Amino acid sequence: MNSIVFLGTNKTGSSYEGIKAAKRLGYETILLTNRTIFVEEREDYQEIDDVRILNMSDTDEILSAITDIIEEGKKIVCFISFLDEYIYLAALLTNSLCHTLLTLEPLELMTDKILTRRYLAGKDYNPFYQVLSSIENADNVMEELKDQFPLIIKSPQSNGSKDVILVENVWECMKGVKQLHRKNSKSKILVEEYLEGPQYLIEIVVYQSTIMVAAIVEQEVTKGERFIITGYSICPELHLEQLPGLKETVLSIIEDFQIRNGTCHLEMKLTNKGWKLIEINPRMAGGAMNRMIEEAFGYNLAEQTIRLFSGLEPDLRKKHNKAIYTHYLIVGTVGKLLKVSGCDSAKEQTGVLEVSMKAEYGQLVIPPRSMGQRYGYVIASADSKDRARECALNGAKQIQFYLQPV
């Protein structure tokens, strides 16, 4: 049996959907991970055939584990990861050991937001930015930027809205800089202009230089301590051509990165200065994105990503077109979760396809400071974008979190 080696996974979402897809396609699934839960609760992860626990921050240990797998006689078709920290290594191993020609060069750039901004310097779609190389010169940078507020400051390795802070003035900026510095004193800090306007996520697959749009997803952003996306909408009638200038901008970005074989997703914002690139990531989006796309169009994007990594042509032919909306569940206060009610009622509401809850009883839940602090979601389908949103929100209204204050 042919095998696929996965470098890391989450318990749910797109990364685990990839493992499920590989199993459906008939591959043996081998997981390299530092998370012992995949061994301790093996019965809950039956799509994984072989789990190897190791230090995933040690490349030599990863390579040693791969050598062992090869010496056991396993025929590896590809190495793959849906997690930012292992994407480049997985693609490098696939190219080197499986002879698939994935485009490697952009992967390192995309996983570092400062490298991305510098690489795209001078492009119309690249927003204004500045790099704070050390906290010692922060005062000088703040003096230069005093007329630019509001601004966004972020860690160059941030993902899922972690370590992304909106600052309205010099005092808030210095406070945020010190906060990021405490988390990682050796990391530079990226300062970007704050952009307003509707925001879209575009899923891209590139095969032999042919650029395919897997999905256009409108995002609803909730602005609290952080910018958290709480709503995702797929409207089947929406095409790049219907958003003036977006198609040209997306194609320019992919060409500028010279992607010939690979996947990525872009987050774009339509501002009064045109389309701007919020960020680009060298993978499909996480969370419920794979499920949403499959419900909307009938193809599984995680499965098509595996086909690409295996050297096969992805198939993005639509089997149907449905409007899909996903609403994520967050809490407004800090507390210990006592219980969640209403999930069964939510599932019974018109149009609701799935209710997912990842919060566990006894867990400390908090208002979101990152995407990881969204505690569940409701996916709904309907014959229009607005109706799908209405159905999802109606389902979400049935769900109640009961918290013990701390």
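Bear in mind that the values here come from a model prediction, so they are computed numbers and not experimental data.
- Atom NZ of Lys75 is surrounded by 12 or fewer heavy atoms from other residues, nucleotides or ligands within 6.0 Å.
- Counted by atom type alone, Thr222 and Thr230 present one or more donor-acceptor pairs between their side chains at under 3.5 Å.
- Interatomic distance, OG1 of Thr333 versus CG of Leu403, reported as 5.0 Å (0.5 Å rounding).
- In this structure, Glu303 contributes its side chain and Tyr299 its backbone to no donor-acceptor pair below 3.5 Å.
- The closest side-chain donor-acceptor pair between Ser3 and Glu28 falls under 3.5 angstrom.
- By the neighbour-count criterion of 12 heavy atoms within 6.0 Å, atom CG of Asp124 is sparsely surrounded, having that number or fewer from other residues, nucleotides or ligands.
- Heavy atoms from other residues, nucleotides or ligands lying under 6.0 Å from NZ of Lys319 number more than 12.
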Check residues 255-262 and write down every donor-acceptor pair under 3.5 Å in which the side-chain atom is one partner and the other belongs to a residue at least two apart or another chain.
| from | atom 1 | to | atom 2 | distance (Å) |
| --- | --- | --- | --- | --- |
| Asp256 | OD2 | Tyr125 | OH | 2.6 |
| Asn261 | OD1 | Gln208 | N | 2.8 |
| Asn261 | ND2 | Leu101 | O | 3.1 |

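- Side chains of Glu220 and Tyr325: a donor on one and an acceptor on the other come within 3.5 Å.
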Tabulate below the donor-acceptor pairs under 3.5 Å that side-chain atoms of residues 244-251 make, not counting sequence neighbours, or state none.
| from | atom 1 | to | atom 2 | distance (Å) |
| --- | --- | --- | --- | --- |
| Lys247 | NZ | Glu241 | OE2 | 3.2 |
| Thr249 | OG1 | Gly245 | O | 2.7 |

Review point. Given Phe297 and Ile234, is the side chain to side chain contact (heavy atoms under 4.5 Å, CB included) satisfied, shown in steps?
Key: CA-CA 10 Å; Phe297 304 125; Ile234 298 181; 3.7 Å; yes
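- Tyr45 and Tyr16 have their aromatic ring centers within a separation under 6.0 angstrom.
- Around NZ of Lys188, the count of heavy atoms belonging to other residues, nucleotides or ligands within 6.0 Å does not exceed 12.
- In this structure a side-chain-to-backbone donor-acceptor pair under 3.5 Å is present from Asn55 to Ser57.
- For the pair Arg374 and Tyr328, the distance from NZ or CZ to the six-membered ring centre is under 6.0 Å and the angle to the ring normal is within 45 degrees.
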Exercise for review: Mind running ring-ring contact (aromatic ring centres under 6.0 Å, His included) on Phe149 and Tyr194 for me, showing each step along the way?
Suggested key: CA-CA 8 Å; Phe149 289 100; Tyr194 170 62; over 10 Å; no
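- Judged by distance alone, the side chain of Glu279 and the main-chain N or O of Glu267 form no donor-acceptor pair under 3.5 Å.
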